Chemist: 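Here it is: the structure, laid out below.
Here is how names work: the chains are called A, B, and so on, in the same order as the sequence lines, proteins then strands, and each is numbered from 1. Predicted model only: the values in this text are computed from it and were never measured.
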Amino acid sequence: MSAPIRRIAHLDMDAFYASVELLRYPQLKGLPVVIGGGRRAADEALRALQDERGLAGIPVEAFPVLRDYTGRGVITTATYAARQFGVGSALGLMKAARLCPQAILLPVDFDEYRKYSRLFKATILEIAPLMEDRGVDEVYIDFTEVPGGQREGGRVLARLIQKAVFDRTGLTCSIGVAPNKLIAKMASEFNKPNGISVVHEADLQSLIWPLACRRINGIGPKADEKLARLHIHTIGDLAAQSREWLIEHFGKATGAWMHEAANGRDDRPVALESEPVSISRETTFDRDLHAVRDRAELGAIFTALCEKLAGDLQRKGYVGKTIGIKLRYDDFKGVTRDQTIAHYTADAKTIRHTAGLCLKRVPLAQRLRLLGVRVGSLLKAAEARELESNVPVAHTVSTHLATDSIAATDQLF
DNA sequence: TCTGGGGTCCTAGGACCC
DNA sequence: TCTGGGGTCCTAGGACCC
């Protein structure tokens, strides 16, 4: 037997949030539905209806629709019926309301999506043990050594996984199988929804080169625009450029990577485990707030963000020592500030204090639409304890001083 | 009536150390 | 008296992804 050919799958759940919602509200099947926003009043009305008539008993007319929405939310997911109207992810809800006013608008329910996310991933792991988590609704799977992973280029195993996921969750997914992650990711888009597509190395020119450069995971709007200015539109156009020329225009790292990608080369392994680098909380206000005029309100939001963040860290068992803030002004421009402290922490007061110092270094004349707090340079709490277990006394004192001066920061706003 | 809330990685300059 | 260079950490911003 010769060595097995590397076969990597990318699995993407179809319209994940929306599909989970349709499991609860089957009466909405086939209708344009979008998930997003978050209006307390409408959410409560919906909850009251659930209590009264049961989920599936809510009449279609009783659901909130886009037409009635006022606020600053965006669409996170749209059903395929809604996509017909040109609405999709990241579109502002007010804008979407003009395209499809009758679309039903459901609030985001992350807890529910996380539940199904765990379920479909556990199902995959029972079949194929080498899986990389890429967020709530997608994964990479290494098919190479899995029984059936080589049959029909991986199609047989892909079908098996697709069926297992559907049987367990009632949800469909699309799978691409290819020689590497880069191509697998593109391939999973080929037959959406509920599709499978298999790409071999020899298919590069016929299946990959005609695609727009933007389809490469890692080429975003900016790079795409620049490529277009250079008259490069397809991946084939990109592959026709020399490595040197690409490095000249996009820099050493990006240029070389583009050259590899365009030629279908990617040797990144399927990464089973990864540790978080940072954890953050942010919020966009219902209306823009002014640091002076809305001092009390901003201060309360700021403190609440720090407390939630501390809770997240503690629950997940991490501490960090780089505390940062993020601001977005009413013109949508943003700034960040951060500060590294002497000791790892997950303490709300310490975070609040340090973030408060960051805030003092930022211009606050203009009104704000967003405030965020971040903790980075993370370490597992146990590892940090070990690391800091024989720390000089002087440092311990400074921590107490820092925590004691919280009162002063409270007067910030 | 524009534009959410998480994240990751890269770049680039300055400080500071060897 | 001058001339280096490498390495690491910190900070700010930006591109990109789900």
Chemist: Is the distance from OP1 or OP2 of B/dG7 to the nearest side-chain N or O of A/R374 less than 4.0 Å?
Modeler: no
Chemist: Could you tell me how far apart A/R114 (CZ) and B/dG7 (C1') are, to the nearest whole angstrom?
Modeler: 14 Å
Chemist: Between the side chains of A/D347 and A/T345, is a donor N or O closer than 3.5 angstrom to an acceptor N or O?
Modeler: no
Chemist: Sort and list the pairs that fulfil salt bridge (Lys or Arg N to Asp or Glu O under 4.0 Å) and have at least one residue in residues 154-163 of chain A, not counting sequence neighbours.
Modeler: A/E152-A/R159, A/K163-A/D167
Chemist: Between A/S280 and B/dG7, is there a contact of a side-chain N or O with OP1 or OP2 at under 4.0 Å?
Modeler: yes
Chemist: Considering every strand and a 4.0 Å limit on heavy-atom distances, what is the contact class for A/T254: base, sugar-phosphate, or nothing?
Modeler: nothing
Chemist: From CD1 of A/I341 over to P of C/dC10, roughly how many Å is that when rounded to an integer?
Modeler: 12 Å
Chemist: Is there a donor in the side chain of A/S174 and an acceptor in the side chain of A/D14, or the other way round, less than 3.5 Å apart?
Modeler: yes
Chemist: For DNA chain B, what are the stems built from at least three Watson-Crick or G-U pairs in a row, each pair having both distances below 3.5 Å?
Modeler: B:5-18 with C:5-18
Chemist: Using only modelled atom types and a 3.5 angstrom limit, is any donor from either the side chain of A/R98 or the base of B/dT1 paired with an acceptor on the other?
Modeler: yes
Chemist: Under a 4.0 Å threshold between the charged nitrogen and the carboxylate oxygen, would A/E275 count as salt-bridged to A/K380?
Modeler: no
Chemist: Is A/L91 touching bases, backbone alone, or none of the nucleic acid, heavy atoms closer than 4.0 Å?
Modeler: nothing
Chemist: Does the Lys NZ or Arg CZ of A/R118 fall within the cation-pi geometry relative to A/F120 - under 6.0 Å from the ring centre and within 45° of the axis?
Modeler: no
Chemist: Please state whether the phosphate of B/dG5, meaning OP1 or OP2, lies under 4.0 angstrom from any side-chain nitrogen or oxygen of A/T283.
Modeler: yes
Chemist: Taking any heavy-atom pair under 4.0 Å as a contact, classify A/R369: base, sugar-phosphate, or nothing.
Modeler: base
Chemist: Report the distance from atom NZ of A/K326 to atom P of B/dT3, rounded to the nearest whole Å.
Modeler: 15 Å
Chemist: How far, in whole Å, is B/dT3 from C/dC18 if one measures between their P atoms?
Modeler: 23 Å
Chemist: Reading nucleotides 12-18 of chain C from the 5' end, what letters show protein touch, with B for base, S for backbone sugar-phosphate only, - for no heavy atom under 4.0 Å?
Modeler: SS-SSSS
Chemist: With a 4.0 Å cut-off on heavy atoms, is A/V74 in touch with a base, just the backbone sugar-phosphate, or nothing at all?
Modeler: base
